[in-house]
Amino acid sequence: MTDLATRPAPPLLARAAPALLGYAAVRALGLVTLAVWSAARDKSAYTLLAARWDSLWYVRVADLGYGYEVRLPNGDIHSNLAFFPLLPWLERAVSAVTSLAYADAGLVVSTLASLAAAWGIFAVADHVYGRRTGVCAVLLWAVLPVGIVQSMAYTESLFTALAAWALYAVLTGRWVTAGTLAALAGLTRPVGLAVAVAVWAAVLAPSLAGDRSTVEPDGAPMWRRALGMLLAPLGAAGYVLWVGHHTGRGPLGYLDVQAGWRNGFDGGYAFARFVAGKFTSFPSALAGVGLVLGVALVIWLYVAGIRQRQPLPLPVYTGVVVALALGASGYFGSKPRLLMPAFPLLLPLARALAGLRTTRSGPVLGAVAVASALYGAFWLSGSGPP
């Protein structure tokens with residue numbers, strides 16, 4: 001665990017500026033590419049970003065509250081109770097202040113949250129490995145093949161921002177802040193559980209290692225750790241219990257809501273069958289090979305992070321995010337998006353890039369940014385949800 005005695009101040013904006021400027025440039029490239037691509041196909045880039053798929057559901061929550069549902073011909077019930085409330089609350093708040101439509105407010109929230117996420121990723125990587133690695137980590141997160149989602153009125157950017165800053169708070173011994181941010185992350189997505197588990201792991205690890213002291217290394221009372229630990233799961237637990245009460249189905253009512261969307265957790269069995277099914281014909285077998293290689297890369301990066309002795313909260317958080325993403329039983333095409341918050345996976349690659357000269361790493365990142373922008377425009381213009 002990183003030494004918590006010094007409690008360094010959060011990285012100043014000037015220190016993070018190269019990372020944030022690079023991030024903004026990559027996102028601008030992605031948006032311009034999407035606009036050109038969409039116009040060439042007589043589609044609206046704005047609609048793709050703010051008024052399709054999950055974005056519409058969040059707007060409905062902001063506008064109508066909870067209770068809206070769609071009954072499909074096959075009997076499935078899609079309820080807006082599946083969507084956690086923090087983003088709709090923020091959309092409503094921004095709309096009230098600015099008079100923007102809820103969809104436009106969602107884009108504002110996503111844009112600001114994506115910058116906050118980039119800063120948080122930099123803060124974590126800079127704290128653990130240094131400034132150059134921090135810049136590379138942010139740029140790698142920006143050029144992910146599905147990076148265009150960071151600019152959509154979705155929760156990925158908001159959740160990643162809360163998770164990254166919660167992890168930074170843990171690494172620097174700010175336990176109450178960590179618990180508060182973890183609670184907010186838990187109000188954003190079901191995977192908020194990962195942030196809470198990381199906070200708990202950081203709090204409990206010294207005790208499990210035999211440390212029975214009643215103060216932190218800098219003399220602060222241990223009650224701060226306990227309070228952070230208490231706060232961390234309140235967001236996710238509170239919403240799940242509220243859904244159970246609202247539906248009259250008890251503490252597990254939220255699982256019934258997810259079942260209506262044909263989504264759940266089976267440890268990866270359904271996903272494995274989906275991948276195996278790709279090998280029954282050609283050229284779908286090529287997609288199967290790509291999926292296998294993608295999962296192998298995720299596992300390799302996770303193991304590499306552990307071998308590089310990442311501070312305990314990072315592999316704990318990443319492990320839960322990856323397990324929930326790959327173990328979900330539905331929406332297989334969305335798994336790359338669900339893995340996006342697992343940014344510590346990028347740290348081994350960021351460290352490798354940081355060891356190269358800028359004249360070598362710059363062209364590589366530039367080429368990947370162009371490829372990411374093109375793929376993002378193609379992917380988002382498809383018929384299915386990202």
When rounded to the nearest 0.5 angstrom, what is the spacing between [atom1] in [X] and [atom2] in [Y]?
{"X": "T188", "Y": "L158", "atom1": "OG1", "atom2": "CG", "value": "4.5 Å"}
{"X": "S110", "Y": "L90", "atom1": "OG", "atom2": "CG", "value": "11.5 Å"}
{"X": "L365", "Y": "L139", "atom1": "CG", "atom2": "CG", "value": "5.5 Å"}
{"X": "I121", "Y": "L347", "atom1": "CD1", "atom2": "CG", "value": "9.0 Å"}
{"X": "R52", "Y": "L380", "atom1": "CZ", "atom2": "CG", "value": "7.5 Å"}

Would you check if [X] and [Y] make a side-chain contact, meaning some heavy-atom pair closer than 4.5 Å?
{"X": "W379", "Y": "V149", "answer": "yes"}
{"X": "C136", "Y": "R351", "answer": "no"}
{"X": "N74", "Y": "R262", "answer": "yes"}

No-hydrogen, no-angle side-chain donor-acceptor test under 3.5 Å, [X] and [Y]:
{"X": "Y46", "Y": "D104", "result": "yes"}
{"X": "R132", "Y": "T358", "result": "yes"}
{"X": "R174", "Y": "T172", "result": "yes"}

request  = Check L112, L49, V94 against L107 for a side chain to side chain contact (heavy atoms under 4.5 Å, CB included) and give me the one that passes.
outcome  =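 Looking at L112, L49, V94, the match for L107 under the side chain to side chain contact (heavy atoms under 4.5 Å, CB included) is L49.
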The residue among V364, V138, V368 that forms side chain to side chain contact (heavy atoms under 4.5 Å, CB included) with V143 is V368
If you draw a 6.0 Å radius around [atom1] in [X], do more than 12 non-hydrogen atoms from other residues or ligands fall strictly inside?
{"X": "W242", "atom1": "CH2", "answer": "yes"}
{"X": "R307", "atom1": "CZ", "answer": "no"}
{"X": "Y68", "atom1": "OH", "answer": "yes"}
{"X": "H246", "atom1": "NE2", "answer": "yes"}

Would you say [X]'s side chain and [Y]'s backbone share a donor-acceptor pair under 3.5 angstrom?
{"X": "D126", "Y": "A16", "answer": "no"}
{"X": "T318", "Y": "L314", "answer": "yes"}
{"X": "T280", "Y": "G277", "answer": "yes"}
{"X": "R337", "Y": "P386", "answer": "yes"}
{"X": "S284", "Y": "K278", "answer": "yes"}
{"X": "W175", "Y": "V170", "answer": "no"}
{"X": "W165", "Y": "W119", "answer": "no"}
{"X": "S79", "Y": "E69", "answer": "no"}
{"X": "S329", "Y": "G264", "answer": "yes"}
{"X": "S55", "Y": "A153", "answer": "yes"}

Residues 145-155 vs side-chain hydrogen bond (donor to acceptor under 3.5 Å, both in side chains), sequence neighbours excluded, gives Y23-Q150, R27-S151, T155-R189
Point to revise | Listed partners of D42 passing side-chain hydrogen bond (donor to acceptor under 3.5 Å, both in side chains), at least two apart | key: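 Here no residue qualifies.
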Residue pairs passing the ring-ring contact (aromatic ring centres under 6.0 Å, His included) test with at least one member in residues 272-329, sequence neighbours excluded, are F274-F332
- For the ring pair F83 and W57, is the centre-to-centre distance below 6.0 Å? yes
For Y254 and F84, I'd like to know if the aromatic rings sit close, meaning centre-to-centre distance below 6.0 Å.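 Yes, ring centres under 6.0 Å apart.
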With R92 as the cation and W89 as the aromatic partner, state whether NZ or CZ is under 6.0 Å from the six-membered ring centre and within 45° of the axis.
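So R92 doesn't make the cation-pi contact.
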- Do the numbers put R225 on top of the ring of W223, so that NZ or CZ is under 6.0 Å from the six-membered ring centre and no more than 45° off the axis?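 Pair R225/W223 does not count as cation-pi.
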_side-chain contact (heavy atoms from CB on, under 4.5 Å) between L345 and V298, worked out_ = CA-CA 7 Å; L345 288 174; V298 168; 4.0 Å; yes
Here the pair of heavy atoms bringing A125 nearest to G134 is CB-CA, 3.5 Å
Mind checking whether W261 and H78 have parallel, tilted or perpendicular rings, split at 30° and 60°?
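Judged by the thresholds at 30° and 60°, the geometry between W261 and H78 is parallel.
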Item checked: Working for side-chain contact (heavy atoms from CB on, under 4.5 Å), residues V176 and L231 -> CA-CA 8 Å; V176 178; L231 289 170; 4.2 Å; yes
Are V320 and F265 linked, directly or through intermediate hydrophobic residues, by side-chain heavy-atom contacts shorter than 4.5 Å (ILVMFWY only)? yes
